[in-house]
Novice: 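Questions regarding the structure given below will be posed in turn.
In what follows, chains carry the letters A, B, and so on, assigned in the order in which the sequence lines appear, proteins first and then strands, with residues in each chain numbered from 1. Being a predicted model, the structure only gives us computed values, none of them experimental.
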Number of protein chains: 2
Amino acid sequence: MPKLVAGDIATALRKRISSGEWEDRIPPERDLAGEFGVARNTVRRAVGLLEEDGTLVRQVGRGTFVAAADPNSMAAAFTRMEGTSPADMMEIRLLLEPAAAGFAATNASAGELNAVRDAYQTACEATDMPEFEHWDAEFHHRIFACSRNEFLKELHNLMRILRNQSPWFEMKKRSFSEERRQTYCVEHEAILDRLLRRDPEGARAAMLAHLQTVAKNLLGR
Amino acid sequence: MPKLVAGDIATALRKRISSGEWEDRIPPERDLAGEFGVARNTVRRAVGLLEEDGTLVRQVGRGTFVAAADPNSMAAAFTRMEGTSPADMMEIRLLLEPAAAGFAATNASAGELNAVRDAYQTACEATDMPEFEHWDAEFHHRIFACSRNEFLKELHNLMRILRNQSPWFEMKKRSFSEERRQTYCVEHEAILDRLLRRDPEGARAAMLAHLQTVAKNLLGR
DNA sequence: ATAGATTGGTTCAATATCGGTTCACTACAG
DNA sequence: CTGTAGTGAACCGATATTGAACCAATCTAT
């Protein structure tokens with residue numbers, strides 16, 4: 001009785017998957033066959049269709065899983081992020097950091113702005129590259145800290161962790177020079193100035209300009 | 001019997017760890033095995049998972065310990081992100097998603113745009129709320145997928161994972177109605193239209209408008 | 001200092017469940 | 001009659017859990 005059963009079962013499954021009936025693992029094919037009152041081969045066809053369009057993933061000996069399911073594995077997301085390219089991350093920094101500077105200009109407390117200024121000064125006075133690097137990063141991080149958006153702050157933290165991993169290290173070394181350090185100090189000062197004036201639009205623009213310099217130095221364009 | 005018990009135990013442990021039940025040392029594997037009514041090997045698998053993502057550290061002859069609260073660790077960053085407020089996340093979505101839409105308008109392949117359109121149509125034709133939710137999320141995700149920025153895509157993934165956690169679930173339920181669903185469809189159509197016209201600025205604006213609607217519904221302003 | 005207890009590390013065989021494959025058989029549509 | 005789709009069954013290989021044994025590192029009490 002060719003009733004196109006496989007297709008019907010596929011759509012039935014699709015519905016029950018998107019309804020969240022199965023968090024990540026769907027029942028074994030043999031069970032589904034019983035439930036739908038159909039041969040296992042037929043269920044296999046249906047599951048095969050959903051596998052082709054990426055809805056399901058099958059694993060021999062384990063079971064069949066809904067593809068989008070990341071029930072627990074934020075860890076997996078992190079692993080994927082480790083492969084982030086400098087260009088991709090720079091693109092995101094260009095989005096987030098100017099916004100953070102804007103938020104900071106309106107939301108920061110006086111004490112927080114002092115902390116930003118301290119980081120700026122310490123970076124300017126730094127004598128070796130690692131020290132400058134540290135206070136440079138700290139300057140940026142403290143701006144995120146006064147954006148008053150915890151999630152934004154954590155995103156910056158995330159990017160910082162990723163950038164502290166191996167492939168980036170070499171790149172930072174190559175792109176560093178005394179001349180650039182001075183440029184960064186001047187640009188940082190401009191950002192700090194706008195923050196202290198509580199000028200969100202100016203802070204945003206100054207941060208954007210600074211990041212464009214960084215991008216040019218880092219990516220060599 | 002592939003019951004995939006190890007994963008469940010891992011999440012149970014993760015919960016009890018973040019609840020502060022164990023200050024630094026967790027019970028011996030043999031005890032945990034008894035407590036969970038499971039073989040020690042299975043507990044070892046679970047603990048192994050938590051060790052991989054940096055949550056636990058094992059030491060022969062001493063015991064298993066929760067990793068020192070290193071604020072610069074990925075695991076710690078994720079834990080902090082779990083407390084993200086809807087308002088904070090919405091602020092970031094308003095930054096990232098319009099940008100993603102803009103990138104998508106210029107970078108997407110024809111096939112990718114078809115996938116976006118499919119998600120849009122399926123969402124419109126959805127008959128129940130869970131199905132709509134699923135394809136709505138899929139629509140947004142597929143736009144990120146054609147932004148051609150892997151990091152951006154993963155950030156969206158991250159936000160999706162966070163939003164699938166308990167406090168958000170209730171909120172989504174409350175904010176859903178047939179009228180809003182129709183509004184979303186219209187707005188999605190506008191976004192899709194700009195993408196198909198390869199109009200980055202238009203796509204960005206359409207996405208921004210859509211997210212402002214979502215924000216209003218979600219945060220009730 | 002030594003002995004014994006505790007703890008994680010490793011290995012193994014047995015068992016059960018799962019998807020992957022094949023095949024002979026049946027039913028229907030063109 | 002032929003091609004297509006579903007049936008039912010058997011068997012394969014992969015994976016998970018069990019239960020147990022033994023090792024090696026560490027700690028504790030003597």
Novice: For C:dG19, does OP1 or OP2 lie under 4.0 Å from any side-chain N or O of A:Thr64?
Specialist: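 For C:dG19, OP1 or OP2 has a side-chain N or O of A:Thr64 closer than 4.0 Å.
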Novice: Can you list, in residue-number order, the parts of residues 49-62 of chain B that come under 4.0 Å of DNA chain D, counting heavy atoms only?
Specialist: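 Result for residues 49-62 of chain B: B:Val60, B:Gly61, B:Arg62, sorted by number.
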Novice: Testing the 3.5 Å rule here: is there a donor-acceptor pair between the side chains of A:Thr55 and A:Asp53?
Specialist: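 Note: A:Thr55 and A:Asp53 side chains meet the donor-acceptor criterion.
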Novice: Taking NZ, NE, NH1 and NH2 as the nitrogens, is one of them in A:Glu138 or A:Arg160 under 4.0 Å from a carboxylate oxygen of the other?
Specialist: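 The answer is yes: the pair qualifies as a salt bridge.
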Novice: Take the protein atom CZ of A:Arg44 and the nucleotide atom P of D:dA5, then report the distance between them rounded to whole Å.
Specialist: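 From A:Arg44 CZ to D:dA5 P: 17 Å.
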Novice: Is it true that the side chains of B:Arg117 and B:Asn114 contain a donor and an acceptor less than 3.5 Å apart?
Specialist: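 B:Asn114 and B:Arg117 do have a side-chain donor-acceptor pair below 3.5 Å.
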Novice: Between B:Thr183 (side chain only) and B:Glu179 (backbone N and O only), is there a donor and an acceptor less than 3.5 Å apart?
Specialist: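 Yes, the answer is positive, given that a donor and an acceptor are paired below the 3.5 Å cut-off.
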Novice: When the axes are fitted on five pairs at both termini, how much does the helix from C:dA1-D:dT30 to C:dG30-D:dC1 curve, in 10° steps?
Specialist: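 Taking five pairs per end, the axes differ by 20°.
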Novice: Please tell me which of the listed nucleotides, D:dT17, C:dT7, C:dT10, lies nearest to the side chain of B:Thr42?
Specialist: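 Taking heavy atoms from C-beta onward, the closest nucleotide is D:dT17.
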Novice: Under a 4.0 Å threshold between the charged nitrogen and the carboxylate oxygen, would A:Arg163 count as salt-bridged to A:Glu133?
Specialist: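 No, A:Glu133 and A:Arg163 are not salt-bridged.
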Novice: Using atom names, set out every protein N or O paired with an N or O of nucleotides 19-22 of chain D below 3.5 Å, distance rounded to 0.1 Å.
Specialist:
from, atom 1, to, atom 2, distance (Å)
D:dG19, O6, B:Asn41, ND2, 2.3

Novice: Provide, to the nearest angstrom, the distance between the CZ atom belonging to B:Arg45 and the C1' atom belonging to C:dT11.
Specialist: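 To the nearest whole Å, that distance equals 14 Å.
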